[in-house]
Amino acid sequence: MRFPEFQGEWEKCKLGDYGKVVTGNTPPTKDIENYENGTYLWASPADLGRIKSISETKIMLSAKGFSTTRALPKGSVLITCIGSTIGKTGMATKEMSTNQQINSIVVNDNNDNEFVYYAIQSAFPRYLSSIAVQAVPIISKSSFELLPNQRPCLQEQKKIGKFLSLLDERIATQSKVIDKLQSLIKGIRNDMFGKLRKSIGFNAMISDVLCYEQPQPYIVENTEYTAEGIPVLTANKAFVLGYTSETNGIYDKGDCIIFDDFTLDCKYVDFPFKVKSSAIKILTAKNKELLRYTFEFLKYLDLSTEEHKRHYIAETQNQEFILPTEQIVKTIAHIFSTLSVRMETAVKQRNVFEKQKQYLLRQIFI
């Protein structure tokens with residue numbers, strides 16, 4: 001896939017041909033002055049991969065600390081080359097530095113930094129297949145510089161880079177919408193249940209509204225619930241392991257809350273599903289009108305905090321619970337159901353943009 005005004009073969013090159021490769025470093029941690037009141041960006045692998053533009057980092061450096069690092073100019077392309085997140089990328093939005101797990105390319109005038117960012121993103125799955133199997137994956141600076149790539153003329157690089165950047169900007173905007181919705185939902189939840197706790201207080205137990213006896217799966221005839229198939233749930237943060245067309249062992253549509261029995265993370269489920277892990281526990285409501293309300297109250301309790309780690313779901317049966325009037329319950333359930341739909345729509349939209357980007361990366365780059 002190319003813009004119509006460009007023709008001819010792309011040139012074979014190495015990553016080192018795109019510019020100067022810089023491996024980051026860490027200021028001495030024993031000297032607190034290197035980090036105190038920090039204002040300079042200093043990236044670690046945890047700061048890369050979520051969005052393209054690196055405008056903030058988890059750890060900031062003071063002027064003293066920054067002076068001991070290898071400074072990178074705005075527009076440098078950052079790539080994690082050590083550890084489990086190897087291949088994660090980012091781009092500097094201003095002068096900054098990184099730790100030693102990251103190799104960065106200070107792109108020269110013969111190449112477009114936006115193009116270089118996407119060229120590396122596209123090629124990294126191939127690079128990973130050539131890395132020797134080891135406990136901690138690593139690509140040294142010298143090996144990184146020799147990794148093969150291909151590039152068109154500078155004018156085509158700029159057009160490709162600008163085109164894909166517009167899509168990344170849309171993804172970043174959608175991510176901000178999701179972050180704001182998450183903050184809004186959490187704020188409303190805490191305010192609402194905080195006020196209920198003051199006015200009503202705890203007047204029930206969770207076991208009064210949830211059934212702890214595990215339901216039985218069933219065989220279903222029609223599996224056309226989603227385009228992908230039936231979700232398979234397991235014990236992880238996202239809960240979804242994948243999708244299946246299997247018809248055995250399906251749990252009925254909706255009306256339950258699932259828990260990771262180890263961490264007590266929970267998810268409201270309103271779709272048919274299969275379970276892949278014995279750590280997943282399924283709780284149904286004694287009164288279905290209370291289910292959404294109960295889930296939001298459990299999120300308000302934040303059962304997954306360190307205080308509750310390594311507990312089992314059975315231990316939550318005697319957890320104190322606020323059970324207000326039926327009208328209040330319905331109002332709260334409606335509010336959060338509406339917000340949940342808005343959140344799901346926003347996430348689906350971002351997923352569409354991300355799939356479009358991955359498709360374009362596969363079609364544009366050799």
> Do M205 and Q319 touch side chain to side chain, with heavy atoms closer than 4.5 Å?
Replying inline: no

> For the side chain of T173 and the backbone of E169, is there at least one donor-acceptor N/O pair under 3.5 Å apart?
Replying inline: yes

>> Are L233 and I258 packed together at the side-chain level, in the sense that at least one heavy-atom pair is separated by less than 4.5 angstrom?
In response: yes

> Which heavy-atom pair separates L154 from D112 by the least distance, and what is that distance?
Replying inline: CD1-N, 3.7 Å

>> Please evaluate residues L360 and K357 with respect to the criterion side chain to side chain contact (heavy atoms under 4.5 Å, CB included), reporting the C-alpha separation (whole Å), side-chain torsions for both, the decisive distance (0.1 Å), and the verdict.
In response: CA-CA 5 Å; L360 289 169; K357 177 184 172 182; 5.8 Å; no

>> Is it the case that the side chain of R70 and the backbone of T23 share a donor-acceptor pair, with hydrogens and angles ignored and the cut-off at 3.5 Å?
In response: yes

> If we only count heavy atoms from C-beta on, is the T294 to Y268 side-chain gap below 4.5 Å?
Replying inline: no

> Should W10 and R2 be marked as a side chain to side chain contact (heavy atoms under 4.5 Å, CB included) after you check the CA-CA gap, both sets of side-chain angles, and the distance that decides it?
Replying inline: CA-CA 11 Å; W10 285 21; R2 300 182 76 174; 3.3 Å; yes

> Do R292 and E296 sit within salt-bridge range, that is, some charged N less than 4.0 Å from a carboxylate O?
Replying inline: yes

>> Measuring from atom CD1 of I138 to atom OG1 of T80, what distance do you get when rounded to the nearest 0.5 angstrom?
In response: 12.5 Å

> Are L78 and I82 joined in one hydrophobic group, where the rule is that I, L, V, M, F, W and Y side chains link up if heavy atoms are under 4.5 Å apart?
Replying inline: no

>> Using 0.5 Å steps for rounding, measure from the CE atom of M192 to the CD1 atom of I328.
In response: 10.0 Å

>> If you count heavy atoms of other groups shown closer than 6.0 angstrom to CD of E326, is the number above 12?
In response: no

>> Could you check whether any side-chain N or O of K52 sits under 3.5 Å from a backbone N or O of G49, counting only pairs where one atom can act as donor and the other as acceptor?
In response: no

> Is the count of non-hydrogen atoms from other residues, nucleotides or ligands lying under 6.0 Å from K74 atom NZ greater than 12?
Replying inline: no

> F321 and F297: aromatic ring centres closer than 6.0 Å?
Replying inline: yes

> Do you know which two heavy atoms are closest between L61 and T69, and how far apart they sit?
Replying inline: CD1-CG2, 3.8 Å

>> If hydrophobic clusters are built by linking Ile, Leu, Val, Met, Phe, Trp and Tyr wherever their side-chain heavy atoms come under 4.5 Å apart, do V21 and L72 end up in the same one?
In response: no

> Where is the tightest heavy-atom contact between K14 and E145, given as atom of each residue plus distance?
Replying inline: CB-O, 3.4 Å

> Stepwise, does the side chain to side chain contact (heavy atoms under 4.5 Å, CB included) test hold for K348 with V352?
Replying inline: CA-CA 6 Å; K348 286 179 180 178; V352 168; 5.6 Å; no

>> Taking the basic N atoms (NZ, or NE/NH1/NH2) and the acidic carboxylate oxygens, is any pair closer than 4.0 Å for D47 and K58?
In response: no

>> Using every non-hydrogen atom in the two residues, find where M96 and F66 come nearest and quote the distance to one decimal.
In response: C-CE1, 3.5 Å

>> Tell me if the aromatic rings of Y118 and F365 count as close, with their centers under 6.0 Å from one another.
In response: no

>> With rounding to the nearest 0.5 angstrom, report the CG to CD1 distance, L41 to I59.
In response: 12.5 Å

>> Side chains of R362 and Q358: any donor to acceptor distance under 3.5 Å?
In response: no

>> Please report the interatomic distance CD1(I171) to NZ(K176), rounded to the nearest 0.5 Å.
In response: 13.5 Å

>> Would the distance check show the side chain of Y117 and the main-chain N or O of G161 forming a donor-acceptor pair, the cut-off being under 3.5 Å?
In response: no

> Any side-chain heavy atom of P324 within less than 4.5 Å of one from V329?
Replying inline: yes

> Say you draw a straight line from CG of N111 to CD1 of I105; how long is it, rounded to the nearest 0.5 Å?
Replying inline: 9.0 Å

>> Strictly distance-based, threshold 3.5 Å: is any side-chain N or O of D261 a donor or acceptor partner for the main-chain N or O of I313?
In response: yes

> Is it true that a side-chain atom of Y127 and a backbone atom of P148 form a donor plus acceptor pair closer than 3.5 Å?
Replying inline: yes

> Does NZ or CZ of K159 come closer than 6.0 Å to the centre of the six-membered ring of F3, within 45° of the ring's axis?
Replying inline: yes

> Taking atom types as modelled and ignoring hydrogens, do the side chains of S142 and S140 form a donor-acceptor contact shorter than 3.5 angstrom?
Replying inline: yes

> Around atom CZ of R197, are there more than 12 heavy atoms of other residues, nucleotides or ligands at under 6.0 Å?
Replying inline: no

> Would you call S44 and T57 a side-chain contact if the rule is heavy atoms closer than 4.5 Å?
Replying inline: no

>> Side chains of K88 and Q101 only: does a donor on one sit below 3.5 Å from an acceptor on the other?
In response: no

> Passes side-chain hydrogen bond (donor to acceptor under 3.5 Å, both in side chains), Y18 versus N149? Steps please.
Replying inline: CA-CA 10 Å; Y18 285 129; N149 210 267; 2.8 Å; yes

> Shortest non-hydrogen contact from F144 to C81?
Replying inline: CD1-SG, 3.6 Å

> Is a side-chain N or O of K195 found less than 3.5 angstrom from the main chain of N190, in a donor-acceptor match?
Replying inline: no

> Taking all atoms of both residues into account, what is the closest heavy-atom pair of I230 and K274, and its distance?
Replying inline: CG2-N, 4.1 Å

> Just wondering, more than 12 heavy atoms not from E344 lying within 6.0 Å of its CD?
Replying inline: yes

>> Counting the benzene-type ring for Trp, do F193 and Y293 have ring centres under 6.0 Å apart?
In response: yes

> Should L264 and T316 count as side-chain neighbours, where that means a heavy-atom distance under 4.5 Å?
Replying inline: yes

> Is it true that a side-chain atom of N108 and a backbone atom of D17 form a donor plus acceptor pair closer than 3.5 Å?
Replying inline: yes

>> Do F336 and L196 sit in one hydrophobic cluster, given that two such residues count as connected whenever their side-chain heavy atoms are within less than 4.5 Å of each other, even indirectly?
In response: yes

> Any side-chain donor-acceptor pair under 3.5 Å between S62 and E33?
Replying inline: no

> Is it true that a side-chain atom of E114 and a backbone atom of S165 form a donor plus acceptor pair closer than 3.5 Å?
Replying inline: no

> To the nearest 0.5 Å, how far apart are CD in E354 and CG in D168?
Replying inline: 9.0 Å

> Heavy atoms, side chains only, cut-off 4.5 Å: are F6 and C153 in contact?
Replying inline: yes

> With Q182, which residues qualify under side-chain contact (heavy atoms from CB on, under 4.5 Å), at least two apart?
Replying inline: I178, D179, M343

>> Regarding K64 and E36, does a basic nitrogen lie under 4.0 Å from an acidic carboxylate oxygen?
In response: no

> Near Y359 OH, under 6.0 Å, is it more than 12 heavy atoms from other residues, nucleotides or ligands?
Replying inline: no

> Is it the case that one hydrophobic cluster holds both I120 and I102, taking links as side-chain heavy atoms less than 4.5 Å apart, direct or via other members?
Replying inline: no

> Does the side chain of M60 come within less than 4.5 Å of W42's, by heavy atoms?
Replying inline: no

> Do I160 and V77 sit in the same hydrophobic cluster, where Ile, Leu, Val, Met, Phe, Trp and Tyr count as joined when their side-chain heavy atoms come under 4.5 Å apart?
Replying inline: yes

>> Quick check against the 3.5 Å criterion: does Q157 have a side-chain atom that pairs as donor or acceptor with the backbone of P152?
In response: yes

